[in-house]
Amino acid sequence: MSATLHTPGMPGAGWLSGPALRWVAAGLVVFNGFFPALWILLTSLKSEAELVRKPLQYFPDKLTLANYLQAFTDQPLGLYLANSAAVALASTALSLLVSAMAAYAIARLNLRWRQTALTCIVASSMFPLVTLLVPIFETMRSLGLLNTYTALVLPYTVLNLPVCTLVLVSFFQSIPRDLENAAMIDGCTRLGALVRIVVPLAAPGVFTAGILAFVNAWDEFLLALSLNASAQMRTVPVGIALYQGEYSFPWPVISAALIVAIVPMAVLIALFQERVVGGLTQGGLKG
Amino acid sequence: QATTATKLRVFSGGQNQRPDLVRKLLDQYQARNPGVTVEIETGGATSELQRQYLSTVLNAKDSAIDIYMIDIVNPAQYFGAGWLEPLDAYVGPAAEVFKPYLPVYAQSNVVDGKVAALPAFADAMFLYYRKDLLEKHKLPEPKTWDELAATARKVQAAEAAAGNANLQGLSLQGAPIEGAVCTFLLPYWGQGKEFNDAAGKLTLDKPAAVKGLSTWLGMVDQGVVKKNVAEVRTPDTVNEFKAGQVLFAINWGFAWDRFKDDADSQVKGKVGVLPLPAMAGGRSATCVGGWQWAVSAFSKHKAEAAKLVKHLASPESSKMLAVEGSLLPTYQRIYTDADVVRQAPWFNDAAAVVVAGKSRPMSRDYGQVSDILRTTTSAVLARTKTPTEGVDEIENRLRRLMR
Amino acid sequence: MTPVPRPSLLERLRDPSERLLGALLLAPTFALLALIVAYPIGKLVWNSLFDLRLSGGGVPKFIGLENYQLVFTDPDFWNATKNTLLITVVTVPGALLVGLGLALLANLPFKRRWPVRLALLLPWALPLSFAGLIFAWFFHTEYGIVNDVLQRLGLADRTDPTMWLLKPGWALAAVCLTIIWKTSSFMALILLAGLQMIPKSLYEAAEVDGATPWQQFWQVTLPMLMPSIVVALIFRTITALQTFDIPYTMTRGGPGQATQTLAMLIHAHTIDYLDMGYGSALAVCLFVLSLVVSAVYLRQVGRQAA
Amino acid sequence: MAEVLLRQVRKSYDGRTPVLHGIDLEVRHGEFTVFVGPSGCGKSTLLRSIAGLETIDSGEICIGGRPVQHLPPRLRDIAMVFQDYALYPHKTLFENMAFGLRLRKTPEAEIQRRVGEAADLLKITHLLQRKPAALSGGQRQRVAIGRAIVRQPQVFLFDEPLSNLDAQLRQEMRSEIKRLHQRLGATIIYVTHDQVEAMTLADRIAVLRGGHVMQYDRPQQIYHQPAADFVAGFIGSPPMNLADVARVPGATPALDFGGLAWPVPAALQPALAAAPAAARLRLGVRPEHLHLQRSQADDIAWPGTLQLLEPLGAETLATVRIGQAELVARVPASFEAAPGTALQLHVQPAQLHLFDADSGHAWHATPSSNPHAES
Amino acid sequence: MAEVLLRQVRKSYDGRTPVLHGIDLEVRHGEFTVFVGPSGCGKSTLLRSIAGLETIDSGEICIGGRPVQHLPPRLRDIAMVFQDYALYPHKTLFENMAFGLRLRKTPEAEIQRRVGEAADLLKITHLLQRKPAALSGGQRQRVAIGRAIVRQPQVFLFDEPLSNLDAQLRQEMRSEIKRLHQRLGATIIYVTHDQVEAMTLADRIAVLRGGHVMQYDRPQQIYHQPAADFVAGFIGSPPMNLADVARVPGATPALDFGGLAWPVPAALQPALAAAPAAARLRLGVRPEHLHLQRSQADDIAWPGTLQLLEPLGAETLATVRIGQAELVARVPASFEAAPGTALQLHVQPAQLHLFDADSGHAWHATPSSNPHAES
Ligand SMILES: Nc1ncnc2c1ncn2[C@@H]1O[C@H](COP(=O)(O)OP(=O)(O)OP(=O)(O)O)[C@@H](O)[C@H]1O
Ligand SMILES: Nc1ncnc2c1ncn2[C@@H]1O[C@H](COP(=O)(O)OP(=O)(O)OP(=O)(O)O)[C@@H](O)[C@H]1O
Ligand SMILES: [Mg+2]
Ligand SMILES: [Mg+2]
């Protein structure tokens, strides 16, 4: 940005465009986003005794990584992380596959009921998950899927269908139809054109939808708690909730575990934040 | 030949139920019974989380788990729901089986005259106190709650004068967790009242309940109990006591080891254990906890499972848990067993407490009963309701529940 | 002219008609929806007509609409409905305002955008259950940073600290605040995307027309952002009606039932009390509430578009 | 033989409003046919129906004698160049051009050869490893054409291929396409709404309007003998002046521009006679046929006032009001006058056209020689 | 008095590459000035600098005698019409047009009157209650102009206002803008890359290239006396033919098209003399000055072969190869010949232009009269 007297085109914030004010703005946003994470980071470096010291002590006397060690030994945090990653990745992949197919049909095919289909898909997000918990549990049980990755992957996929489909529909719509037509004239079948041309071009949209789906799946708590309660299959949010025992509430250890669980997401987001925002922009996320 | 390839699956609670020791017992069993392999599954760390998990699994009639370790409050409920296999056919009639156990466990594990489960280990609420402080201020051990309050105020005043203003008189659990059910029951029972009769029918004495709750509030007003008691959970009590900030503390048996052994404990060697005080004119009563072994009604290997349960609930196993894990025995005689007493001398005192213990209401809707009691108790302790309002509410809710 | 044979069956299968292709592509989606949504809903409605309490020995007893009768006379239901609506009414506009502020700030032309973007996205990526845990810790009477900061600033009494999570009003406020913090992030994300889609030339036209930055905000930014705002609001409202994780981890619905939401009540009855019939009836009521609210929204939106 | 034959091709998108009303056309082998017409007239629909990208409701489409209306695009042996180029953004130019060949399992050496030749022809050899995003508009256009060429199809279809280019580039590419056609001798169907492109490129032009073919003929024919006022008003830059005129009742035939009556010269009288007495009439005259000076003895002279002068450099367009009508004349670049100046416009009677104002039908001295005009 | 004065206006976006290299221009009150030039030459940047939408690095901008370079757009008393119209999609047309007035707290009655008048003028009165989405491109363009008009600013700025319209509509709107200017007598600065628009609309044209003004003059002047080969090649449709020529060493001055040498006629000799002997030369001649027949005695005649014929209806463009050069000639529509035919092109020596092939500078008989050309 060149130094400007006034910033034309700055959305209603010309008065915020001075460098000093911009720093304030950035500070506000950054503080808002980071302070909880920062606080638990500090907590995770304290001993339990420091925690209940009064008045409150912000910085630990001496940094200790013991809590991190304990986070991994108290509970199999590594296993939880692996479970979470497996479930989140699998359900993300499945959501993308299924919703890409649906989104393509809705965005491109000349179907009379495509609006209805989209409405159905989106409407499915209106049903509170907690209410469906028991029937879903029974379904999974009768399919013999309890305490398997599949038990979570399927519901998470459905959970993510609406948002993935919406994002992908607008992405597919933004890809010129003529590209597909060109491929069909070049010798592709319709599905061939979809696979060879449309999908590679929708990659940014697929990516955005993928991140949204991944975060949702990574974060889910209730189903994970109920469907995969066995120690081998627990995901991170459930695992961390279980650090608090009947007789203990080891905040510093929980904090350490929280940090360990947050860091992968933060890294993921930091790496791809432009894609998330840009993807939403490009996808238009229209209703 | 059925035993040659039997695989059993045991749900053994959370970390606090010491799956490591359970594993040892199972290994023993496997060694003695070739052909049987047993796997362990652990669940939620708190009794609520475990209940949540178990009820989803059992409600779904899941046959994957054969044996469950369940909280003392659950046999009635689970058995009533048809989730547990009656064990009479495998271990004999209830009247026989429960003779060697502490009486309270016969009460909770026999439902409709049938053996619903066998006790694994016991637990109870104790009054922990700072021996050193009472000695320093030359005060006797309190017998009633009023005495306790008076003692506490004296010590607090003296300590505050000496610069230790943060000392709490009494720490108890007011957060809406299972412990708060006991917080409600202790002063109620302490007046000699019963919450339910032998048939399980509720017999709530409202004035006594109001009085019980008011006792706590009175202690808050006197500064004996801290203002945010409704936020205090079991571990808070432990931590604060460990940090030397508490004079008297009500807590489960496990806390003893924590005070005694934890590296960061400031109170090593300064702790004493007492039976819970009574209300003036009443008698001491404590809240009994503990865990039981039960066989799933949906198990495909009920006989083998029952056999294993018999082993797990044997005196031998109980002693092993007591020696290696300081877990309170369910057999009266083990409290005086030489090996045990050598390992945990305080069991001598504890025996009396546990024997005098009461079990919480044995209802088929225990989940909801517990919820009603603890949320209301917590709300009263947070002073969002008066004790009278709270007790009215408890009565109304319970009546709704009994529809 | 030589007659040309029509393409072989195989060839024709490679070129399915639009309708067949559409059906094939949509099939997995609807299979999943049927399995995970439609069937459970049916099951739920069916269950709501039975007495499934465990005290019945696990034998279902058909009782018609009796469960619903019970629901409407249940003070807990009305209390939870009130709390749910209150949380919705407070946190939806709250998150919108905060989200809009964040989006506007984040849309400023920073040289280095990633710290801002990351800060914007972090609360969104944080699991709800974590947020509840963390903020419960923040609001702790003794060890919470909220009271500590207030005391350090001299805004609160050190000897009589506010018991945030123990007073019904404060507890609800704390829960709402946490929800707003957590959800404003995704709000901001949608709005930021909306902001970036506003053509720059509109601002230039407004500037040439004589609009000050403030006027540009009201006359260009806000109206142009309207579609994004509506999307965000609908989305947020639906999730607000389903509020569970944060009050569950923060207050367990307490003190008393002061922060219990409908979703929590349903959870309590189905999972904790194993009263599937009654819980299902409650769940059906929450559906109906969600449907009514969404319908009202959609009509409102339809009217705006017209 | 790669002729394209359309017989009674009908199409509607929604099943109700027809977009093509039974099109009959015959494109001969090697012929360059241009579909021209205003936006929405159905040009693209027709072209895409030929390509197989749209299914037609009824009728027949034959390519090289083979009915293809039931075949998917890839089996029709055509190539198409799209308006926005439709290059695959994720493939290099080479792969863009080779894609069709690869799908047909052409040997690698053959692919290399054919793509190389096409690239040479289009002078894009040095760009082959780039991706489309790194190209200018004109270069992308070339690649799009190259992609069509390498396939060596029976028929080339172009849908407004130049409309996204700027004026200068458009002109250049236009010549290039024309030369390409001369070199390849291929059958080409080309859609545009730019009548200059149509005139300069086509062997034959089909003028479309509202899903009907208005005229299908050689460019000169279309220019000089438009079958309808619509065609006259569409072709030519600036297009033919069209002005409503009224018959003046009286002994000598006369017409009136609205306040300005003039006797009908002998050359126009047969056409006038062909029109029914009740018909409302429209007069057409091309701007280059209107002169400021009398050039021949039998010129008609219309007095008017100058409204607007638009200098183009080589010449100037003068808008002149005559009676109620405004006529544009091409006048020499040297002409200068202030708006409002009175002047006379001269025209050879033979250069006048007469149309039915209602149907648009042209009235000729001889019975109509134009089978396509709609009545 | 609403003249616009630019003095040494410099601008760069990134602080390194200058986009405007010190522009000097003077737009007189009521004058219609067009900035024309190829894409990326800085036209929009210059216009937006005048509007205040871009800050300039140095130099002065005066509107009506007042330096405005430090004022925000709203204080410069200008109105601007954007390429994409930039209508507020959420406001009705009336509110779109009234917005500027409302911001200035104009009384309601006055707003009604002014918007009504502008709408009448632009014939959009019946649309006033619609929103922009419900309009066609041409209608949107009118609204954008209307929004500028109601404000009654000192200066109107147009940035390629017609480039999103189709050819016919563009032609219509072009005349309308010209008439509007005649009626309002306003100062207008208009950016386009379409040289036809520039020629027909402008009182004066500024031809820009790479941030420099190449020539700023009346359209006829620009057309007939281009100061540089770039201007000559940019203006005119088709543009001036430019061909590199070499001096043929020898007694009589002669030039060579590469394989075809010809003696330099007397009329061209002074210009040739003005060019340094070492300069590489480029010859320029407009297509309309190339004839198939000799018209005057002193015509030069170049033999060549016909490459391409592009009939436009009223006339035909013939591309003819002469030596190494390809020249386009405008020939009568009646001319027909096959590519490859040999023919002669005749030209009046006075119609030839000579440029420096390196700098682009035009060589005139008299010392250069063009201060803007860069060397
Ligand atoms: N996919 C479609 N669905 C419905 N109607 C369509 C579709 N494509 C075109 N139409 C309609 O069919 C008619 C003809 O459209 P077509 O695209 O063939 O016109 P065109 O002559 O190519 O116009 P243009 O010059 O603007 O490209 C138009 O009225 C258009 O609105
Ligand atoms: N906002 C900007 N930031 C950086 N560079 C820019 C910006 N806008 C324009 N430029 C550069 O400045 C130069 C001039 O751009 P400008 O838009 O003025 O050209 P133009 O003559 O209007 O072209 P066109 O006919 O394509 O609109 C170009 O090289 C362009 O890349
Ligand atoms: Mg088209
Ligand atoms: Mg520009």
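Below, chains carry the letters A, B, ... as their sequence lines are ordered, and counting in each starts from 1. Keep in mind that this is a model prediction, so the values were computed, not measured. Heavy atoms only: backbone and side chains are in, while hydrogens, waters and symmetry mates are out.
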### Task
Please state whether the rings of Phe35(A) and Phe138(C) are parallel, tilted or perpendicular, taking 30° and 60° as the class boundaries.
parallel

### Task
Just give me the residue among Leu189(C), Ile134(C), Leu133(C), Asp148(C) that pairs up with chain A most often, heavy atom to heavy atom, under 4.5 Å.
Asp148(C)

### Query
Taking only heavy atoms into account, what residues of residues 102-110 of chain A are found under 4.5 Å from chain C?
Ala102(A), Tyr104(A), Ala105(A), Ile106(A), Leu109(A), Asn110(A)

### Task
Could you tell me the separation between the CD1 atom of Ile262(A) and the CG atom of Leu122(C), rounded to the nearest 0.5 Å?
6.5 Å

### Query
CG of Leu191(A) to CG of Leu25(C): how many Å apart, nearest 0.5 Å?
6.5 Å

### Interchain contact, Val30(A) with chain C, by part (heavy-atom threshold 4.5 Å)
both

## Note on the structure
d(Thr139(A) OG1, Ile36(C) CD1) to nearest 0.5 Å is 6.5 Å

### Query
Taking the side chain from Trp124(C) and the backbone from Val215(A), do they hold a donor-acceptor pair closer than 3.5 Å?
no

### Task
Counting only heavy atoms closer than 4.5 Å, note whether Ile121(A) contacts chain C via side chain, backbone, both or neither.
both

### Contacts of Met224(C) that satisfy side chain to side chain contact (heavy atoms under 4.5 Å, CB included) - sequence neighbours left out
Ile198(C), Pro199(C), Leu202(C), Val220(C), Pro89(E), His90(E)

### Task
Mind ranking Thr157(A), Ile211(A), Leu222(A) by heavy-atom pairs under 4.5 Å with chain C and telling me who comes out on top?
Leu222(A)

### Message
Counting only non-hydrogen atoms closer than 4.5 Å, does Leu159(A) touch chain C with its backbone (N, CA, C, O), its side chain (CB onward), both, or neither?
### Response
neither

### Task
Name the member of Ala270(A), Pro36(A), Pro237(A) that forms the most heavy-atom pairs with chain C at distances under 4.5 Å.
Pro36(A)

